[in-house]
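Okay, so here's the structure we're looking at.
Predicted model only: the values in this text are computed from it and were never measured.
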Amino acid sequence: MDARRQQLAGLLLLVASLALLLGRAVATGWWPLVAGGLVVSADHVLYLLEYAVLGGLVMLGAVLASTGRDARPVLERLGRGSDAAWMACGALAVVGVTLVLDRVVALGVPLVDDEDTYRFAAEILASGRLAAVSPPEPLFFDRQFMVNDGAWFTQYFLGFPALLAPWARLGLESVVNPLLAAACVPLWFLVARRTVEAPWARLAILLAATSPAWLIASSTLTSHTSTTLFLSAALWAGLRAGDEDGDTAHDVLFFAAYCAAFWIRPTSTLGAGVGLLPLWAWGVWRTGRLGGNLVAAGAVVAAGAGLFLAVSHVLYGSVTGSGYGRYIAYALSNHGRFSTYDDRTQTFVFSLEHARTMAAASFLRIDEAFFGWPVGLVFLPFARRSAAVWGWLVGGVLVHAFVMDVGVETLGPLHHLELFTPVLLLTVDGAERLAKTRLPTVLAIIGSGAALALLVSWPVRTAVLARSARSLAPLFELTRPLDDALVFAPWPIYCNERFQPTVNLTLARPANRPSLDGRVVWANHLSVEADRRLWRTHFPERRAFVFTWSDPVRCEARLLDLAGDVGSLGDGSVGGDGYLEPAYR
């Protein structure tokens with residue numbers, strides 16, 4: 001087949017498969033708005049497979065249609081301008097997109113309980129404490145992921161809250177992750193530039209600034225973005241430590257960044273360590289600096305580990321304790337009330353069957369979510385055998401294969417977001433290597449993948465965010481005008497019926513300030529009599545309301561004034577085994 005006929009065949013395949021893809025999307029209701037859960041649903045698998053097959057045909061059509069075309073001008077455009085300008089523009093784009101996703105698409109509404117939990121921990125640290133004192137009548141203030149048994153703190157370690165704490169005093173926590181995500185851009189460019197030419201390192205910037213998973217997760221108040229930044233800094237410092245001009249400062253930065261990442265997300269950090277720790281050791285050994293730099297490295301690790309263990313001892317009662325273990329124990333002692341944890345909860349599941357399922361789910365989610373392409377890992381087989389980067393990727397997948405779930409898909413794949421760094425670096429590396437002999441093919445794959453991300457992946461994911469936010473937005477709209485108020489809210493807090501199959505995974509009402517002096521103090525609705533007793537005994541200076549969904553199908557919300565007639569409002573659900581002490585009835 002000559003070039004002209006191949007181009008025509010490719011164009012026909014591209015148009016036909018694109019029409020079929022979009023037709024299937026519309027016919028299924030966009031599969032239908034997949035995402036939300038902690039497990040991989042049948043709808044989600046169907047979406048991923050159809051998108052991979054039909055989208056893959058679109059990409060194949062683009063490759064055939066590019067036969068015989070001169071692709072060098074495209075590469076030349078990527079080579080224009082300075083590296084500094086590219087890094088600055090990429091970082092600004094990341095900040096801009098993440099802020100729009102948070103404020104405009106998600107309406108500033110928390111989409112998972114973790115977000116308010118981190119904000120609560122940050123406010124405790126900002127007050128100079130590791131834990132607050134439990135409030136009066138603790139059952140009213142129990143909340144998902146928080147210990148409340150005299151000491152009041154969260155199940156998450158304090159690395160990310162420590163980053164939020166300076167901003168918490170200003171009420172600007174929501175800008176932290178966009179700034180941290182932007183800081184990753186120059187690090188990724190500098191690491192990529194060590195192995196690929198400037199145009200391909202700049203491709204890494206473009207991919208980062210358009211990645212659905214990276215930007216959506218970084219628009220929320222979750223801890224994965226900060227972990228990714230510190231692990232990426234450790235990768236850069238580890239590479240520099242192995243250079244001839246590497247020095248002790250790089251060793252210190254490597255271990256400081258690695259310890260900081262461990263303080264935020266230990267599991268992800270251990271997985272990345274499969275590649276990062278041997279990278280540093282081999283580099284300083286090869287340059288003959290291992291002996292002297294072990295002292296500096298040991299000092300940093302001793303300080304980081306010592307502080308970690310000391311905090312664990314104070315908060316969890318043991319240097320080997322964990323926040324998850326402490327919270328699970330509390331949830332069980334509390335009859336599982338206001339919690340999704342019960343006596344079957346395991347943070348890790350050491351089963352090969354479970355591991356196979358989690359690894360397969362990881363592959364399916366990463367393949368589509370990171371770039372929005374139907375076949376996102378297409379260039380990885382062509383990448384150089386970079387032991388450190390491949391080790392990070394493989395270690396991350398293996399560690400999370402034994403975690404109890406694959407993470408919230410609405411924002412992700414959330415548990416695997418730190419793997420965006422190795423996938424990004426291996427992608428641009430593999431693309432450059434393949435481009436040496438197949439430049440038109442490589443650019444056709446990238447161009448068609450980006451177009452499909454814009455037409456399919458981004459619309460699906462932003463629609464999921466918008467619908468999830470709208471399922472909880474009335475709560476914030478009704479309470480925004482209040483001041484000096486006490487608001488009792490149901491468990492779970494969301495209204496999902498109208499927005500199915502997309503769900504909001506925020507089950508708990510908004511978190512309070514640890515000092516209980518916010519504009520609105522939130523409490524769990526137990527019963528009208530118990531609510532009024534708490535109000536009159538402990539918060540008589542505030543007006544008291546009960547938030548309720550009067551019509552759960554249409555998601556109509558209302559605030560009932562506790563000082564007046566609340567009609568036939570029944571007792572609130574407490575979750576768990578449903579046990580409510582007689583004093584609260």
Side-chain angles (χ1 to χ4, degrees), residues 114 155-160 162-163 184 217 222-239 241 251 253-283 297-298 300-312 316 318-328 346-352 354-355 358-359 361-363 366 386-407 412-423 425-426:
D114 311 55
Q155 72 173 6
Y156 299 115
F157 205 73
L158 299 179
F160 185 51
L163 296 176
C184 290
T222 53
S223 61
H224 304 268
T225 304
S226 54
T227 311
T228 304
L229 172 63
F230 285 117
L231 290 176
S232 299
L235 174 61
W236 177 83
L239 290 168
D251 304 317
L253 176 58
F254 173 83
F255 282 101
Y258 190 81
C259 286
F262 191 88
W263 265 62
I264 301 170
R265 297 194 65 80
T267 303
S268 298
T269 305
L270 289 174
V274 172
L276 296 181
L277 295 174
L279 166 72
W280 174 83
W282 170 248
V300 175
V301 172
L307 194 55
F308 185 94
L309 296 175
V311 171
S312 296
Y316 316 135
S318 166
V319 294
T320 59
S322 72
Y324 280 83
R326 181 74 169 79
Y327 173 67
I328 292 173
Q346 304 175 65
T347 53
F348 292 93
V349 181
F350 295 103
S351 157
L352 289 180
H354 177 85
M358 293 299 100
S362 302
F363 173 82
I366 289 170
S386 171
V389 180
W390 277 107
W392 181 348
L393 178 58
V394 173
V397 171
L398 288 178
V399 166
H400 284 93
F402 295 96
V403 174
M404 61 180 172
D405 59 65
V406 286
L414 201 56
H415 281 176
H416 299 86
L417 192 71
E418 294 87 356
L419 300 183
F420 183 68
T421 297
V423 169
L425 296 173
L426 292 171

With sequence neighbours left out, write down each residue that passes side chain to side chain donor-acceptor pair (under 3.5 Å) with [X], or none if nothing qualifies.
{"X": "Ser362", "answer": "His416"}
{"X": "Tyr327", "answer": "Ser339"}
{"X": "Thr269", "answer": "none"}
{"X": "Thr225", "answer": "Ser218"}

**Pairwise side-chain contact, Val389 with Leu393, heavy-atom cut-off 4.5 Å (strictly under)** =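 In short, these two side chains do not touch, never coming nearer than 4.5 Å.
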**Asked** Is any side-chain heavy atom of Phe420 closer than 4.5 Å to a side-chain heavy atom of Val423?
**Response**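 No; the side chains remain at least 4.5 Å from each other.
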Nearest 0.5 Å please: distance from the [atom1] atom of [X] over to the [atom2] atom of [Y].
{"X": "Leu417", "Y": "Thr228", "atom1": "CG", "atom2": "OG1", "value": "5.0 Å"}
{"X": "Phe230", "Y": "Phe262", "atom1": "CZ", "atom2": "CZ", "value": "15.0 Å"}
{"X": "Phe157", "Y": "Tyr316", "atom1": "CZ", "atom2": "OH", "value": "5.5 Å"}
{"X": "Leu398", "Y": "Leu270", "atom1": "CG", "atom2": "CG", "value": "12.5 Å"}
{"X": "His415", "Y": "Asp405", "atom1": "NE2", "atom2": "CG", "value": "5.0 Å"}
{"X": "Arg265", "Y": "His224", "atom1": "CZ", "atom2": "NE2", "value": "3.5 Å"}

Minimum heavy-atom separation for [X] and [Y], please, with both atom names.
{"X": "Leu279", "Y": "Ala388", "result": "CB-CB, 3.8 Å"}
{"X": "Ser226", "Y": "Phe160", "result": "OG-CD1, 3.4 Å"}
{"X": "Leu231", "Y": "Ser268", "result": "CD1-O, 4.2 Å"}

**Message:** Once you measure the plane-to-plane angle for Phe255 and Trp280, does it fall in the parallel (<30°), tilted (30-60°) or perpendicular (>60°) bin?
**Reply:**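 Correct class here is perpendicular.
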**Message:** Has Trp263 got a side-chain atom pairing as donor or acceptor with Gly304's backbone, closer than 3.5 angstrom?
**Reply:**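 Such a contact is found between Trp263 side chain and Gly304 backbone.
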**Request:** Go through the structure and list residues passing ring pair (Phe, Tyr, Trp, His ring centres under 6.0 Å) with Trp236, not counting sequence neighbours.
**Result:**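 Counting only residues at least two positions away or on another chain, Trp236 forms a ring pair (Phe, Tyr, Trp, His ring centres under 6.0 Å) with His250.
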**Item:** Listed partners of Tyr258 passing ring pair (Phe, Tyr, Trp, His ring centres under 6.0 Å), at least two apart
**Value:**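 Applying ring pair (Phe, Tyr, Trp, His ring centres under 6.0 Å) to Tyr258 gives none.
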**Request:** Check Leu425, Leu426, Thr421, Val274 against Trp392 for a side-chain contact (heavy atoms from CB on, under 4.5 Å) and give me the one that passes.
**Result:**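 By the side-chain contact (heavy atoms from CB on, under 4.5 Å) criterion, Trp392 pairs with just one of Leu425, Leu426, Thr421, Val274: Thr421.
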